[in-house]
Protein chains: 2
Amino acid sequence: MEIKKDNTEEKIIDAATDVFVQKGMDGARMQEIADLAGINKALLHYYFRSKEKLFDAIFSKLVGIAFPRIGQILQSDLPILEKVETVIDTYIDLLLKYPFLPAFIIKEMNRNATPFFSFIEKKEFSIQPILKILQEAMDQDLIRKMRPEHLVVNVIGLCVFPFAARPMISHVAFPGDDKALSQFLAERKQEVKSFVLKGIQPE
Amino acid sequence: MEIKKDNTEEKIIDAATDVFVQKGMDGARMQEIADLAGINKALLHYYFRSKEKLFDAIFSKLVGIAFPRIGQILQSDLPILEKVETVIDTYIDLLLKYPFLPAFIIKEMNRNATPFFSFIEKKEFSIQPILKILQEAMDQDLIRKMRPEHLVVNVIGLCVFPFAARPMISHVAFPGDDKALSQFLAERKQEVKSFVLKGIQPE
DNA sequence: GTCTATATTAGGATAGAC
DNA sequence: GTCTATCCTAATATAGAC
C-alpha cells in the first residue's frame with residue numbers, strides 16, 4: 001500500500017511519450033528520453049526493462065487515446081446526422097489536442113502491426129456496430145446508400161489526414177505562418193461536417 | 001559515353017527502395033539493402049557514399065512519383081467537374097500501383113521535413129494555380145463556395161488515407177482477406193468521385 | 001531508487017587486396 | 001567494380017556502489 005506515489009515513473013512516461021511520438025520507435029534514443037526526464041539511462045532500464053517494453057507502454061497508451069469509444073456517441077438516441085456531426089466534432093477536438101498522434105499511429109502501424117492489432121483485440125474494438133447503425137440509416141433513406149465501410153473511411157480520413165500531412169500543408173499553403181495553419185486546422189471541424197453532410201445526402 | 005549501362009546501381013536502387021519504403025530511414029539497415037541487392041555493404045558505399053545520400057536519392061525519386069504534375073490535368077479545357085474526376089482517377093490509380101507510398105511520405109515528412117521541402121521547391125511545385133482554378137469555379141457557381149485549400153485537402157485525404165491506414169483497415173474490416181481489401185481499395189475511385197461531387201455541389 | 005562505470009552488440013563506414 | 005576484413009562510434013543494456 002503506497003501512500004506517496006512515486007513520480008519518477010511519470011516523468012519517464014511523459015518524456016518517452018514526447019520522444020517516441022516525435023521520432024518513432026526506430027528513431028527514438030534512450031539517452032534522449034533519459035535527458036528529457038532528467039535522469040540517466042540506467043534508471044530507465046530499472047523502470048522498464050527494455051526500450052521495447054517502454055515503447056509498448058507508451059504505444060498502447062496512445063492507441064487508447066487515438067481510438068476513443070466512438071461507439072457511445074453512435075449508440076445515443078440522437079438523429080443520425082447529429083451523431084455524425086458529434087463524432088466529427090469530438091474527433092477533431094481530440095486531434096487538435098494531440099496533433100502528432102495521426103503521423104505516429106500511421107508510422108507505427110505500418111512498421112509493426114502486431115502490437116497494434118493485439119491492442120485492438122484487447123479493447124474489443126469492433127467496427128460492426130458502427131456499420132450496422134449506418135446501414136440502418138441507409139435502409140431508412142436517411143443517408144445516401146453506399147458501402148458503409150467507405151463512409152467510415154471517408155470521415156476518418158477527412159479528419160485525420162490534415163494532421164498527418166501537417167508539415168506538407170504548412171509548407172505548401174502556409175509557409176512560416178503557424179497561426180494560419182492552426183486556424184486552418186481548427187476550421188476543419190466545420191468544413192468536414194459540411195462536406196460529409198453534403199456527401200451523404202440521399203439522392 | 002557508356003555503351004553498356006551498368007546495372008548494379010539499378011539493383012541497389014531497387015533494393016534500397018524496397019527497404020526504405022518498408023522500414024523508413026531510421027529502420028532501414030544497409031546490410032539488408034545489400035543482401036536484397038545481392039552485393040555487400042562495401043559496394044553500397046562505393047556507389048553512394050553514405051546511407052543518407054542513398055536515402056536522399058530514393059526519397060527524391062519517390063517524392064517525384066507521389067507528387068505528379070496534377071496541374072496539367074487542371075489546365076486542360078475539360079469542365080471543372082471532369083477535371084476533378086480525372087484527378088481522383090489518376091491519383092488513385094497511382095496509389096494502387098504504389099500502395100506503400102502514402103505511409104512512407106507521411107513518415108518521412110514528419111521525421112525530417114527539410115529534404116521534402118527542398119524537393120518541392122526544386123520542382124517548383126506550387127498550389128497557387130490549383131487554388132485559382134477552384135476559386136474561379138466557385139465564383140461561377142459551378143462548385144460550392146468554400147475555402148479552396150479545404151477542398152484540396154479533402155480530395156487528397158480521401159484518396160490517400162485508406163492507403164496510409166491500410167494495416168488498420170485490413171485488420172478491422174477485412175481480417176485475413178487480402179482480396180477483399182484490394183477490392184475495397186479499387187472501389188475507392190468510384191467512391192471518392194461520388195462523395196466529392198456531392199460534397200462540392202452548389203447549394 | 002539512483003547513480004557511475006562498463007559491457008556488448010549493432011551498424012555505418014573505410015582500407016586494401018584482387 | 002567487387003570483395004573480405006576491420007574500424008569506430010553509437011546505442012542498448014547490465015553490474016555494482018551508494
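By convention in this document, chain letters (A, B, ...) are assigned in the order of the sequence lines, proteins followed by strands, and residues within each chain are numbered from 1. Values below: every heavy atom of this structure, side chains too, minus hydrogens, waters and symmetry copies.
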**OP:** Could you check which of C:dG1, D:dA13, D:dT2 has an atom nearest any side-chain atom of A:Lys41?
**Re:** D:dA13
Original post:
Atom CG of B:Leu43 and atom C1' of D:dA5: how far apart are they, to the nearest Å?
Top reply: 16 Å
Subject >> Gap between atoms CG and C1', on A:Asp35 and C:dT2 respectively (whole Å) >> reply: 15 Å
Subject >> Rounded distance (Å) that lies between atom C1' of D:dG1 and atom CG of B:Asn7 >> reply: 12 Å
Subject >> Nearest-angstrom distance from the residue atom OH of B:Tyr46 to C1' of D:dT4 >> reply: 17 Å
**OP:** Using whole Å, report how far CZ of A:Phe48 lies from P of C:dG1.
**Re:** 12 Å
Subject >> Exercise: do A:Asp18 and A:Gln22 side chains pair donor with acceptor under 3.5 Å >> reply: no
Original post:
Any chance the side chains of B:Glu136 and B:Gln140 put a donor and an acceptor closer than 3.5 Å?
Top reply: no
**OP:** Compare the minimum distances between each of D:dC3, C:dA13, C:dT14 and the side chain of B:Lys51, then state the nucleotide with the smallest one.
**Re:** C:dA13
Original post:
Among side-chain atoms of A:Lys83 and A:Ser76, is any donor-acceptor pair under 3.5 angstrom?
Top reply: no
Subject >> Minimum-distance nucleotide to B:Arg49 side chain [options: C:dT14, D:dA13, D:dT2] >> reply: C:dT14
Subject >> Spacing of B:Lys23 atom NZ relative to C:dG11 atom C1', expressed in whole Å >> reply: 14 Å
Original post:
Between the side chains of B:Asn154 and A:Glu191, is a donor N or O closer than 3.5 angstrom to an acceptor N or O?
Top reply: yes
**OP:** Taking the side chain as every heavy atom from C-beta outward, state whether A:His171 and B:Met109 have any atom pair closer than 4.5 Å.
**Re:** no
Original post:
If only side-chain N and O atoms of B:Arg29 are considered, is one of them under 4.0 Å from the OP1 or OP2 phosphate oxygen of C:dG12?
Top reply: yes
Original post:
Counting only side-chain N and O atoms of A:His45, is one of them less than 4.0 Å from OP1 or OP2 of D:dA13?
Top reply: yes
Original post:
Closest to the A:Met30 side chain: C:dA13, C:dC3, D:dA13?
Top reply: D:dA13
Original post:
Given C:dT4, C:dT2, C:dG11, which nucleotide is nearest the side-chain atoms of A:Asn40?
Top reply: C:dT4
Subject >> Interatomic distance where CD belongs to A:Gln31 and C1' belongs to D:dA13 [whole Å] >> reply: 13 Å
**OP:** Could you check which of D:dT2, C:dT4, C:dG12 has an atom nearest any side-chain atom of A:Ala42?
**Re:** C:dT4
**OP:** Scan B:Ala34 against the nucleic acid and name what it touches under 4.0 Å (heavy atoms): base, sugar-phosphate only, or nothing.
**Re:** nothing
Original post:
Quick one: is A:Thr8 getting a side-chain N or O under 4.0 Å of the C:dT2 phosphate, OP1 or OP2?
Top reply: yes
Subject >> Nearest-Å distance for atom pair CZ/P, residues A:Phe20 and D:dA11 >> reply: 14 Å
**OP:** Please determine if a side-chain N or O atom of B:Tyr47 lies less than 4.0 Å away from the OP1 or OP2 oxygen of D:dT2.
**Re:** yes
